[in-house]
Structures are given as structure tokens and as C-alpha cells.
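A short worksheet on the structure shown next.
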Amino acid sequence: MLDFLGDLKRTHMCGELRPSDAGKQAVLMGWVNRRRDLGQIIFVDLRDRTGVTQVVFNHELNAAVHEKAEALRNEFVIAAIGTVKRRDADTINPNIPTGEVELVVSELRILNVSKALPFLPSDTVLANEEMRLKYRYIDLRRDAMQFNIKLRHDVALAIRANLAAQGFFEIETPFMTRSTPEGARDYLVPSRVQPGMFYALPQSPQLFKQILMISGFDKYFQIVRCFRDEDLRADRQPEFTQIDLEMSYPQPERVWEVVESFLTAAFKAAGHEIKTPFARMDFDDAIRQYGIDKPDLRVPAFTDAKDCFGPADLEQLAINKDLPVIAIRIPKVGELSRKERDDIKPLFVSKGGARVFEDFKRIENKFPEAGAKVRVKSGAAPDDLIVLVVGSVQSGTDTHPASKRKVTPAELAIYASAGLLRVALAQKYADRHGIFKKTGDPAKDYRFLWVTNFPMFEYDEGEKRWMAAHHPFTSPHDEDMDKLESDPAMVRALAYDVVLNGTELGSGSIRIHRQDIQSRIFSALGMSLEEARSRFGFFLEALEYGTPPHGGIALGLDRIVMILAGAESLREVIPFPKTAAAKDLMMEAPTPVAAAQLRDLGIGIVKK
RNA sequence: GGGGACGUAGUUCAGUUGGUUAGAACGCUGCCCUGUCACGGCAGAGGCCGCGGGUUCGAGUCCCGUCGUCCCCGCCA
């Protein structure tokens, strides 16, 4: 028979009691985390979100309560009423904050029972993710998840307070909005009142926040859910939370100051001090040094190894002398066995004819002079791993529209292949180089970076047209404005990404605030005036009514918390995440719906 | 859309070269135990080896398909 809570009031949380509370009456409520039944004496670790306290049922002191406690099992919910007692010196548990005290129970109320659980919050080995997601409410009881979710709260709160102090207003924007065909796939919501018509869930509040600048709010922010119907990754969920902001009259540097300020506050809330201003790097340099636009600065950059080899060497190795010769260096990997070297090959994803020499020892044996030069130039210690990535001689001539760029598409393919391999190797050998940990502790070494001067357009080979690299509302550089029509490949965008330890935290830009320039961009993207009018007419019109210069950025809250938590997946910091197939295993969403619901919406089922 | 890994008691895993009755730990049930704290001891219950097909005298083990979970490429303005 279960007890009622009645008017019983909790006096302390389970992580609170200290020796200074000795002698006090206390009422604790929580879950039975563990039970140790020694016969005449029963110990229960009582748990709530703050921690555990040992509560004692002693037959000698209170036979009736002791007998009642014999029924307790894992995850029962109880109220324990008793006296706080300082523990004898030889029974202190130094492993828990409450280890110097215990609660000697005089009254026990069993508020609820629990069936045997599929896994226990107190388990030392983790259940697999499928289990954890199906029984998410149990998984969330675990210390680690309680910590992560509280961390998320602390970080979000610090950011809100900081942005408010910097003069930003938090303003809500609609979730039921308009589908915009460019960019990610939209999640659609059918309209019942307008049969055959659809709302879309926002991929970001982009146009609303620009409109808010036109409306005179000057500084806007929102911690807001965004939705993208694309395939998932460890760091990508279909719904995710952004710290979205926009401000009037900023240069890029002004936006960066705002971001650096709230990130400082967020990291401080998590107990970390970070240095500002962040480092800055041109997109072109990021590609040439790291092969990626979100470099992890903790791991050594590429070494340009071309001048280490003579022309004959390159020919003999069938290396394309017109393309980059890249040495990737991963510190302290040590001697690799033949099998370990073979394991490197599958990590390599070749783009545009890139080749890998995963066995640098062989190159050193064959070309000792060149090998020595590579070692010196890259600053390699004897136990560092070196892998070469090069272009194959077959790589054809470059007729791509972007071939005039500082980094040509053919070069980009080599850099990008090497960039992916560098990251894969750094992760594979994380245990050896120790620059970052594979799992567990959060990084202590936070290397922030602003990546700037992205190209305005990327060429889509499939559609044979230029696409906006950031989004079509991004302003080109003032001095590149005249190349919009004549030479779109060379136009740089006033866009910037903020990167932390190889993760893209956020992306932003100075926006176009003039209707004439916005129209030219749409036209450069191959969009006719009529098409632009039908998709963004309201926005083009708004630009004509006195739009101030404005710009902003959006950062992924989930990713920030993930890094602070030392987690490898967003699912560790999102209470109710989706699987890689975008399913909710607990709710079992999505589901079919009743035919009547579809009829109301005017939707027929199309069978594949 | 493509590639890879995994799937065996409630849970986490082991299972040899294809061979008789599929094991361990934790959890669960019962009994014992007054200072444990991942308590300890004794006894017990618990298995369509994801699902379907095939090879074989014989399949947890080999092959094909399928479903699920994870990772990566594409994709993510």
C-alpha cells in the first residue's frame, strides 16, 4: 500500500546535507538509487537531481520503519523523514559530497513503486543508444544527463543575460511560415483552411530578423528552434536550437565583438575562461592550410611539400606537379605496423583524382633527400605520423568557371581530400597524441577562429549555375560589387563563420540592405525578376522602405553545449533527440495518421 | 542515394575450425547477514541467438535478403 504525500514538505535536496546540519530534522524525497540490505540495517542511497544522501534504516532504533524499508527496491520514490547524523570517522564516504553525514530515518513514506527497469540510472556500464532513447526518461535520470541538461540551461541563461545587457531584445518569430525553395529541404505543414497549401517550419528566422531591423528594433536575438529536413549526423539534428541575432549598422567586427562577449559569458557559466578577440583567417588560407573551412587549430596544419621533391621524383611517383603536394603531420603516433598503415587507406576519400601515400617510410627509403626535407619543413619529430596527399597525373585541365580563384577547383579537391584525412587521422590516433580526448572530459584547450572572406558564389555543376555560398541575402564586399555580373567567381562575401576546435559553431554575414543590389544578386543566381518577385516579393518591397544597413549571425546552442560537455554527439545534450533516421524512439514519431485527418487537409496518400 | 560497423538472457558482453545441454557479470526472485556505500554469502528464475530464406547430416557461427541502431560521403542556401 502506497503512502500519500499529504502536506509533507521537503526540507533539503539529496545533495545538500553537510556536517553542519547534524542534529537537524530533515525530510528528503527522491529515488532509491541503490539499496544495501545488511539484515538488521538497511542503507539506501536516495537520489534527486542534486546528488545522493545515504539514509539508514536500523532495526535496533526503529523496528517498524526498518521492516517497511525491506520492501524498497531500485527506483522506488520515497520520502525519508529523520535526523541528520554526522558519520563516525571510519564510515565516512569521501567519494560523495554528502559522505560525512547520513539520515537516520524515523518515518518512511513509499510514494511510488517501480517495476524492474530495462536499465538503471546507477548502472556503471551504459545501455546502448537504442535502449537509452526508447526509455529516455530513465536515461535522463543518470548523473551525466542531468549534468548536461543543467549545463545547457546555465549556458542558455548566461547568453540571454549577456545579450540583454548588450542591448538586444528577445523577439519571437513564427514557426508556421513560408517555404523557400533554396537551401535545405523544408518540413511542411499542410493548411486545412487553404486546401493544397503548405506552411513550412523555419530553417532559420532569416527574413523575419531582417524585417525586424527594417522595423527599427535595432538589436534582436532569439534562442530559437530551427528545422531542416536533411540527413542527420552526430552533430546534426532535424530540429536544433540556434542563438540567432541581428543588429543595425554593424561592420563584421562589431558582430564578432557581440559573439565573443556572449561566448565568454557562456563558457564562464560552464567554468571556463576563454581569450578574446578570436583568431581570424581567410577562407582561402583555411583551405590551403587545413583543407577545410572549419579547421581544428589544435592539430598541426598541412605542410606544402612540393618543393621538397625534385621534378624527377615527382615524375617517378606519378605526382601531378601542377597540384598541391600536401604533407599531413599527426604528432606522436609512433611506429605503425603494416596492418596499421593499411588501416589508413579506408579513411581516405578521394575527390577529383587525389591520391594518398600512407606509407611515408617507403618514400623516405626511396627518396631520402626529399623525405628529410619534408621532415624538416613540417617540423616532424621521429614518432610523428606523416602522410602525403597529392594530385594524380591524370587530373585533367581545369575549365571550371571558378578556375581563376586563388584556390582553383582542382586544387580544392586535393586540399579537401587531405583535409578530411587529417581530421580522420587526428581522431583515430587521439589516444596517442593526446591533443584532444576521444571521449569523456571536455577539451581544456579552446581554439576559436573567425573564418572570413568566403566566396560569394559556388558553381553547381548539376544545375549549371551559380549558387549562394552562404545565402542570397548576404552582402558582397563593397569593392567586388562591379564583378557581380562580369566575374561572379571572384566576388567575396561579407560572411563569416565562427569555428571552435574543428566544429562550425555559427555562421553569419552583413546583409544586403538595398533593393537594387538584392535584385542583382537574384539575377546573378539565375533567378528572373518575376521569380524573385514571387518568392521574395514582400521582402524586396520591404527593402525599398528605408532599410538600414544590418547584419548578424546564428550559433548552434546544441553544438556549444556538446563541446562544453565533452560529448561526441548532440544527442547527449538534447533531452529528446531523433535517431539517424529522424525517428523519436520514445514517442514513436513519425506515425501514420487517420484517413479522416488527411481528408480534412485535402491530402491523398501517394504510394511509391 | 552510396560506403562501413553492430544486432546472443531484462542489460552489457563472451561464444574456438560449423558439432551434443548457448555461458559470465550486473539486474530480478527467495533465504542469510548491524556499518555498508559498485556491500557480501547461498539458492533460483530468465534465451525464436533481430526477422525471413538458403548451404549443410548438422547453423548463434557460412551465404543472400530484410529490419533496427550507430559512423562517414553525398546533402545540410
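Just so it is clear, the model here is predicted, and its values are computed rather than measured. So that the names make sense, note that chain A is the first sequence line, chain B the second, and so on, each numbered from 1.
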>> Reading RNA chain B from 5' onward, which residue's closest nucleotide shows up sooner: A/S204 or A/N93?
In response: A/N93

> What is the nucleic acid contact for A/R571, judged by heavy atoms within less than 4.0 Å: base, sugar-phosphate only, or nothing?
Replying inline: sugar-phosphate

>> Contact between A/L188 and A/S179 at the side-chain level, heavy atoms closer than 4.5 Å - yes or no?
In response: yes

> Within a radius of less than 6.0 Å around NZ of A/K85, do more than 12 heavy atoms belonging to other residues, nucleotides or ligands occur?
Replying inline: yes

> Salt bridge check: are A/R405 and A/E411 linked by an N-O gap of less than 4.0 Å?
Replying inline: no

> Looking for any heavy atom pair under 4.0 Å, which part of the strands does A/P118 touch: base, sugar-phosphate only, or nothing?
Replying inline: sugar-phosphate

> What orientation do A/Y135 and A/Y137 show, parallel under 30°, tilted 30 to 60°, or perpendicular over 60°?
Replying inline: perpendicular

>> Against A/Y496, only a single residue in A/V259, A/I510, A/V451 fulfils side chain to side chain contact (heavy atoms under 4.5 Å, CB included); can you say which?
In response: A/I510

>> Salt bridge or not between A/R185 and A/E230? Use side-chain N to carboxylate O under 4.0 Å.
In response: yes

>> Distance check, C1' atoms only: B/A5 and B/A59, in whole angstrom units.
In response: 23 Å

>> Looking at A/E588, I want to see if its CD is surrounded by more than 12 non-hydrogen atoms of other residues, nucleotides or ligands under 6.0 Å.
In response: no

> Looking at side-chain heavy atoms only, is the closest gap between A/F57 and A/D37 below 4.5 Å?
Replying inline: no

> Expressed as a whole number of Å, how far does the C1' atom of B/G27 sit from that of B/G46?
Replying inline: 11 Å

>> On the side chain of A/E129, is there an atom forming a donor-acceptor pair with the base of B/G68 - under 3.5 Å, no angle test?
In response: no

>> Taking the P atom in each of B/G10 and B/G18, what is the distance between them to the nearest angstrom?
In response: 28 Å

>> For RNA chain B, which residues of residues 581-592 of chain A approach it to below 4.0 angstrom with any heavy atom?
In response: A/A581, A/K583, A/L585

Scan nucleotides 25-28 of chain B against the protein and return all N/O pairs shorter than 3.5 Å with their distances rounded to 0.1 Å.
from	atom 1	to	atom 2	distance (Å)
B/G27	O3'	A/N74	ND2	3.3
B/C28	OP1	A/N74	ND2	2.7

>> Determine whether a donor-acceptor pair (N or O, by modelled atom type, separation under 3.5 Å) exists between the side chain of A/D584 and the backbone of A/M586.
In response: yes

>> Check this for me: does any side-chain nitrogen of one of A/D139 and A/R136 sit under 4.0 Å from a carboxylate oxygen of the other?
In response: yes

> Using the P atom in both, what is the distance from B/G3 to B/C64, to the nearest Å?
Replying inline: 13 Å

>> Rounding to an integer number of Å, can you tell me how far A/D343 CG sits from B/G4 P?
In response: 16 Å

> Looking at RNA chain B, which of residues 490-500 of chain A put a heavy atom within less than 4.0 Å of it?
Replying inline: none

> In terms of the angle between their ring planes, are A/F536 and A/F522 parallel, tilted or perpendicular, with boundaries placed at 30° and 60°?
Replying inline: parallel

>> What's the separation between atom CD1 in A/I563 and atom CD in A/E568, rounded to the nearest 0.5 Å?
In response: 11.5 Å

>> With a 4.0 Å cut-off on N to O distance, would you call A/K428 and A/E340 a salt bridge?
In response: no

>> Just the rounded figure in Å: distance from P of B/A38 to CZ of A/F43.
In response: 13 Å

>> I'd like the C1' distance from B/C33 over to B/C42, given in whole Å.
In response: 11 Å

> Rounded to whole angstroms, how far apart are CG on A/N128 and C1' on B/G68?
Replying inline: 10 Å

> Taking only residues two or more places apart in sequence, or in another chain, which ones meet A/R47 in a side-chain hydrogen bond (donor to acceptor under 3.5 Å, both in side chains)?
Replying inline: A/N33, A/E75

>> Categorize A/T124 for me: base, sugar-phosphate, or nothing, with a 4.0 angstrom heavy-atom threshold over every strand shown.
In response: base

>> On the side chain of A/R87, is there an atom forming a donor-acceptor pair with the base of B/U36 - under 3.5 Å, no angle test?
In response: yes

>> Once you apply a heavy-atom cut-off of 4.0 Å, does A/I96 come out as touching a base, just sugar-phosphate, or nothing?
In response: nothing

> Is the closest basic N to carboxylate O distance between A/R36 and A/D45 below 4.0 Å?
Replying inline: yes

> What is the distance from CG of A/D37 to P of B/U29, rounded to the nearest Å?
Replying inline: 12 Å

>> Taking only the P atom of each, what is the distance from B/C76 to B/G65 in whole angstrom?
In response: 30 Å

> In whole Å, what separates the C1' atom of B/G60 from that of B/C49?
Replying inline: 5 Å

> For B/U36, does OP1 or OP2 lie under 4.0 Å from any side-chain N or O of A/R36?
Replying inline: no

>> Students often get this wrong, so: under 4.0 angstrom with heavy atoms, is A/E504 touching a base, only sugar-phosphate, or nothing?
In response: nothing

Enumerate all atom pairs, one protein N or O and one N or O from nucleotides 72-74 of chain B, separated by less than 3.5 Å.
from	atom 1	to	atom 2	distance (Å)
B/C72	OP2	A/A234	N	3.4
B/C73	OP2	A/R233	NE	2.9
B/G74	OP1	A/K351	NZ	2.8
B/G74	N7	A/R233	NH2	2.9
B/G74	O6	A/R233	NH1	3.0
B/G74	O6	A/R233	NH2	3.4
B/G74	N1	A/D231	OD2	2.8
B/G74	N2	A/D231	OD2	3.4

> For RNA chain B, what residues of residues 54-69 of chain A have any heavy atom nearer than 4.0 Å?
Replying inline: A/Q54, A/N58, A/E60

> Are A/F119 and B/U11 stacked, counting the six-membered base ring, centres under 5.5 Å, planes under 30°?
Replying inline: no

>> Rounding to an integer number of angstrom, what distance separates B/A22 and B/G47 when you compare their C1' atoms?
In response: 8 Å

> How about A/Q237 and A/D558: do any of their side-chain heavy atoms sit closer than 4.5 Å?
Replying inline: no

>> Checking the side chain of A/N58 only, and the main-chain atoms of A/E60 only, is there a donor and an acceptor separated by less than 3.5 Å?
In response: yes

> Checking all strands, does A/A424 fall into the base, sugar-phosphate, or nothing category for heavy-atom contacts under 4.0 angstrom?
Replying inline: nothing

>> Between P on B/C76 and CZ on A/R228, what's the gap in Å once rounded to a whole number?
In response: 10 Å

> Taking the six-membered ring where the residue is Trp, are the ring centres of A/F227 and A/F175 under 6.0 Å apart?
Replying inline: yes

